[in-house]
Amino acid sequence: MDSKTFKYALYCRVSTAEQNTYNQEIRLVEFAKEKGWDYDVYTETMSTRKTRPVKQELLQKLRKKEYDGILIFKLDRYARSSSELILEIKELLDKGIAFISLSDNLDFSTATGKLHFQILSAFAEFERELIRERTIEGLQRTKSQGTKLGRPKGSTDKKKRLKSGYILREANKKKVADEIKGKHYPLPYYIK
């Protein structure tokens with residue numbers, strides 16, 4: 001009988017240019033070899049807070065099911081926020097793609113791993129709710145102290161705003177509405 005050889009993506013990431021992914025990569029490759037997997041290594045080094053092009057490329061390949069799973073060194077090496085982590089792991093698990101974190105000893109494709117994932121999800125939701133409550137309390141306190149909320153009116157304006165654009169838009173809206181009703185009025189001389 002011929003058993004299927006699994007193909008995994010090994011993902012490594014470091015936060016600064018001074019760091020390297022060598023230690024992560026060694027451990028991930030050793031683990032993949034022990035399991036007898038085919039694998040490709042993806043290394044993210046110089047990423048910004050919002051853009052991680054290597055990870056985005058890998059996610060696209062995972063979504064197309066080019067890999068049976070992903071192996072990472074540690075959860076904090078994969079995602080920068082708990083909500084990002086939860087959403088992406090859930091998406092991958094829903095597609096039948098295994099997700100394993102080596103140092104955290106988590107395999108989210110197993111029953112125990114699924115339980116851990118549910119616990120992580122609950123804590124992430126709890127964290128989001130706490131942040132939301134604190135934000136609302138802070139806004140209420142600030143408002144009760146007499147502070148007007150929002151951007152100060154015209155604070156970023158360098159010169160006085162022209163109202164002609166507003167008048168023209170409103171006149172055009174009225175003209176279109178009137179044409180639909182069958183009325184025809186000429187536009188005022190200053191809008192033509």
Side-chain angles (χ1 to χ4, degrees), residues 11-21 23-24 42-60 62-63 70-95 97 99-174 176-177 191:
Y11 179 74
C12 309
R13 182 181 70 82
V14 290
S15 303
T16 65
E18 294 81 36
Q19 298 173 327
N20 67 53
T21 60
N23 290 335
Q24 292 178 42
Y42 290 85
T43 304
E44 190 96 60
T45 50
M46 290 297 295
S47 61
T48 65
R49 184 152 186 78
K50 297 203 182 214
T51 61
R52 282 171 278 163
V54 174
K55 181 181 173 192
Q56 293 309 313
E57 175 192 343
L58 174 57
L59 275 172
Q60 292 306 317
L62 288 165
R63 288 174 179 137
I70 179 172
L71 175 65
I72 61 170
F73 184 67
K74 202 167 182 174
L75 291 175
D76 67 346
R77 296 292 88 207
Y78 182 75
R80 289 202 170 109
S81 71
S82 57
S83 57
E84 174 190 349
L85 178 72
I86 300 298
L87 289 172
E88 289 179 6
I89 290 175
K90 181 173 181 354
E91 177 189 359
L92 295 174
L93 292 177
D94 288 347
K95 292 182 184 303
I97 296 167
F99 193 101
I100 300 172
S101 175
L102 188 61
S103 291
D104 299 315
N105 198 22
L106 294 170
D107 181 350
F108 293 121
S109 61
T110 66
T112 305
K114 288 176 183 173
L115 174 64
H116 283 119
F117 181 70
Q118 294 301 320
I119 293 168
L120 281 173
S121 298
F123 276 114
E125 179 148 349
F126 175 68
E127 178 186 18
R128 280 192 302 272
E129 247 342 272
L130 284 177
I131 291 168
R132 186 178 86 63
E133 287 174 3
R134 287 184 195 131
T135 302
I136 289 170
E137 288 171 5
L139 289 170
Q140 288 172 345
R141 185 190 71 249
T142 302
K143 196 173 182 180
S144 70
Q145 293 171 345
T147 305
K148 191 170 182 178
L149 301 176
R151 183 183 83 123
K153 194 171 188 175
S155 67
T156 59
D157 297 338
K158 301 289 182 212
K159 57 184 177 183
K160 189 173 179 176
R161 293 183 185 185
L162 299 175
K163 294 184 180 178
S164 61
Y166 171 78
I167 294 169
L168 180 61
R169 283 191 304 278
E170 292 303 310
N172 282 333
K173 285 181 195 174
K174 182 168 176 27
V176 168
I191 296 179

Mark yes or no for whether S103, through its side chain, and F73, through its backbone, hold a donor-acceptor pair below 3.5 Å. yes

Could you grab the distance from atom NE2 of H116 to atom CG of D104, nearest 0.5 Å is fine? 10.0 Å

Can you check side-chain contact (heavy atoms from CB on, under 4.5 Å) on Y11 and L62, steps first, answer last? CA-CA 12 Å; Y11 179 74; L62 288 165; over 6 Å; no

What's the separation between atom OG in S109 and atom CD1 in I97, rounded to the nearest 0.5 Å? 11.5 Å

Within this structure, what is the CZ-OG distance for the pair R77 and S101, rounded to the nearest 0.5 Å? 11.0 Å

So, do L87 and K90 sit near enough that their side-chain heavy atoms are less than 4.5 Å apart? no

side-chain contact (heavy atoms from CB on, under 4.5 Å) between V54 and L58, worked out: CA-CA 6 Å; V54 174; L58 174 57; 5.6 Å; no

Is a salt bridge present between E137 and R134, judged by a nitrogen-to-oxygen distance below 4.0 Å? no

With a sphere of 6.0 Å drawn around CD of E125, does it hold more than 12 non-hydrogen atoms of other residues, nucleotides or ligands? no

To the nearest 0.5 angstrom, please state how far the CZ atom of R13 sits from the OG1 atom of T45. 11.0 Å

Please find out if less than 6.0 Å separates the ring center of Y78 from that of F99. yes

Within the side chain of T21, is there an N or O that forms a donor-acceptor pair under 3.5 Å with the backbone of Q24? no

Find the distance between CG (L102) and CG (L75) and round it off to the nearest 0.5 Å. 11.0 Å

On the six-membered ring of Y42, is K55 placed so that its NZ or CZ lies under 6.0 angstrom from the centre and within 45° of the ring axis? no

Say you draw a straight line from CG of L115 to CZ of F108; how long is it, rounded to the nearest 0.5 Å? 10.5 Å

Residues, nucleotides or ligands: over 12 heavy atoms within 6.0 Å of D94 CG: yes

Taking every heavy atom of A79 against every heavy atom of R52, the minimum-distance pair comes out as CA-NH1, 4.0 Å

